[in-house]
Amino acid sequence: MKKIVSLLAFVAILVLGAPVFAQSEPIHVKVGPTSSSITLSTEGSLMKNGSPVGSSFNATASNVSESDVFSSSAGYIAIGGKPYRGSVRFIISGNQLKSVNIVDVDDYIRGVLPKEIGTTTPMEALKVQAVVSRSFAYANRNKFAKYGYNLDDSSASQAYAGMSVESPMTDRAVEETRGQILYYKGEVANTIFNATSGGETEAIEEVWGGNPSPYLIALKDPYSLNTRHATWQAILASADIRKAFPSVGQPTALEVLERSSTGRIKSMAVVGTSGREVMTGNQFRMKMGSIKVKSTNFGTEADARPVQAPMAVMTAMGIRPYANDRIISAGGIRTGSVDAVIRAQGIEKANAQKATYNDTMPIGDSITLKGTGYGHGVGLSQYGAIEMAKAGKDYKAILSFYYPGTELR
């Protein structure tokens, strides 16, 4: 009965919304594929609303309801053969079922870390990911509220695979940071992360628009310059581009219309014999495949334009070259960002980097793209965090670097 009351309270929160989400509350994660029948099993006694149903149960839309909660005396349930800690409920759509794992947040993180950053990386980097993934879970707890759950098990939230991927190293990282969350001015920080920035992180508004965030800003990231995937190459066939953008006819070129201060493409066009289609760099990347086109910072050759030398700015330590220091900006003293800063020549933007790659890219039978970084570039660079850990930085220092101005509690 207690679990049913808890479930009803959760549904009420999803419907009515809630400004506070207690850390003691479990989260509801949609896992696995949607199917007309889903088999639950366990080594202990499987229970439906507290009543035993044997060691396995084949759930269908005809024998379960959305208020039913399945639990196990073993503390876990296998969904389609894959074990998950906590309990399970279903969302029903016609004759189709979606499985929802009701799980303690730290048990959820145990199933996230191995998928997101591996099991053999330095401990301080694993602890960084533990804090980041935990904070992300709380900050995005209502991401899929309208669908009846908090998060899913894909990269749309965080990759999550339950008990099957847990390891002693990642479990230790979760335990040694248990309950620790990043905050910014009293609110849980939205700790977005990516594989590698390639040398400079991106401001959140440059990727998804909207308002800027004081801790998700463009930063020089020397730790990510020589990591895996810091640079990449992708060959795109003309036929694949035409299939993705049929309205342009036979594609003849890619044209960059606008880049961010870090060189990532904000706006571009696919040009062809029948016209042109304008889109964001991220839309192009998703259409062509985010694993192949690893970032939006690409071209076909290096741009010959020189990169602007670092400017000298007023920092909390005096006049020095701009390099992510605490600076005197139009918004007060804060960590260097995209703010206008006070310098000898007047007030101007701090980050005036030139694009690295060319903006006009002809397409023949194929086009070879050369790029920098893997992912959107916002927030933590996972490979950068690994390099910082190898250099002796602890997890708190790494978090402070990638999320400036945040507080760990």
Side-chain angles (χ1 to χ4, degrees), residues 3-4 6-7 10 25-120 126 129-130 133-134 136-137 143-144 147-175 291:
K3 288 182 178 177
I4 295 174
S6 176
L7 173 60
F10 170 78
E25 293 181 13
I27 57 171
H28 295 232
V29 186
K30 186 186 82 65
V31 298
T34 299
S35 178
S36 59
S37 66
I38 298 173
T39 300
L40 304 181
S41 59
T42 183
E43 289 183 351
S45 176
L46 185 64
M47 292 170 282
K48 178 181 178 182
N49 303 326
S51 299
V53 292
S55 60
S56 66
F57 183 88
N58 187 46
T60 67
S62 63
N63 64 9
V64 298
S65 71
E66 292 194 346
S67 63
D68 290 334
V69 177
F70 290 82
S71 58
S72 168
S73 59
Y76 77 91
I77 296 176
I79 304 173
K82 193 171 183 177
Y84 294 89
R85 297 184 186 276
S87 53
V88 177
R89 67 182 179 89
F90 295 101
I91 295 173
I92 304 171
S93 178
N95 69 342
Q96 299 292 297
L97 299 178
K98 292 182 176 72
S99 305
V100 177
N101 181 204
I102 307 171
V103 61
D104 174 79
V105 170
D106 277 353
D107 282 341
Y108 163 72
I109 300 304
R110 292 170 70 184
V112 168
L113 259 62
K115 297 291 289 182
E116 287 291 357
I117 200 169
T119 61
T120 60
L126 292 177
Q129 189 68 54
S133 289
R134 186 182 297 113
F136 182 92
K143 185 170 185 177
F144 297 106
Y147 301 115
Y149 51 90
N150 297 122
L151 302 169
D152 68 13
D153 59 357
S154 77
S155 59
S157 298
Q158 302 182 94
Y160 169 59
M163 291 176 63
S164 63
V165 297
E166 293 174 4
S167 79
M169 285 287 285
T170 50
D171 282 356
R172 176 185 158 195
V174 173
E175 185 58 36
I291 295 177

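A quick note: this is a predicted structure, and the numbers were derived from the prediction, not measured.
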Under 3.5 Å: donor-acceptor pair, side chain of Asn101, backbone of His28: no

From CD (Glu66) to NZ (Lys98), nearest 0.5 Å: 9.5 Å

Test side chain to side chain contact (heavy atoms under 4.5 Å, CB included) applied to Ile27 and Val103, step by step: CA-CA 6 Å; Ile27 57 171; Val103 61; 4.1 Å; yes

Evaluation steps, side chain to side chain contact (heavy atoms under 4.5 Å, CB included), between Thr42 and Phe70: CA-CA 11 Å; Thr42 183; Phe70 290 82; over 6 Å; no

Heavy-atom pair of closest approach, residues Leu113 and Ala130: CD1-CA, 3.8 Å

Asn150 side-chain N/O to Val29 backbone N/O, donor-acceptor pair under 3.5 Å: no

Between CG on residue Leu46 and OG on residue Ser71, distance to nearest 0.5 Å: 7.5 Å

Gap between atom OG of Ser56 and atom CD1 of Ile77 - 0.5 Å precision: 11.5 Å

pair Thr170-Arg110: side-chain heavy atoms closer than 4.5 Å: no

Flag, side chain of Asp107 to backbone of Asp104, donor-acceptor distance under 3.5 Å: no

Heavy-atom pair of closest approach, residues Ala74 and Gly44: CB-N, 3.8 Å

Side chain to side chain contact (heavy atoms under 4.5 Å, CB included) partner of Val88, chosen from Val31, Leu40, Ile38: Leu40

Aromatic ring pairing Tyr160/Tyr84, orientation class (parallel under 30°, perpendicular over 60°, tilted between): tilted

Separation between CG of Asp171 and CD of Glu166, rounded to the nearest 0.5 Å: 5.0 Å

Any donor-acceptor pair under 3.5 Å from Gln158 side chain to Ser133 backbone: yes

Closest non-hydrogen atom pair between Leu126 and Gly118, with its separation: CD2-O, 3.5 Å

Donor-acceptor side-chain pairing of Tyr147 and Asp152 below 3.5 angstrom: no

Step-by-step side chain to side chain contact (heavy atoms under 4.5 Å, CB included) determination, Glu43 to Tyr76: CA-CA 9 Å; Glu43 289 183 351; Tyr76 77 91; 2.9 Å; yes

Donor + acceptor pair across side chains of Thr119, Ser167 (<3.5 Å): no

Qualifying residue for side chain to side chain contact (heavy atoms under 4.5 Å, CB included) with Tyr108, from Leu151, Asp153, Val174: Leu151

Full working for side chain to side chain contact (heavy atoms under 4.5 Å, CB included) between Val105 and Arg134: CA-CA 7 Å; Val105 170; Arg134 186 182 297 113; 4.0 Å; yes

Shortest non-hydrogen separation from Ile92 to Ser65 and the atoms involved: CD1-CA, 3.9 Å

Closest non-hydrogen atom pair between Phe136 and Ser157, with its separation: CE2-O, 3.5 Å

Spacing of OG belonging to Ser99 relative to OH belonging to Tyr149, to within rounding of 0.5 Å: 11.5 Å

Donor-acceptor contact present, side-chain Ser164 to main-chain Lys82, <3.5 Å: no

Closest non-hydrogen atom pair, Gly81 against Ala78: C-CB, 3.9 Å

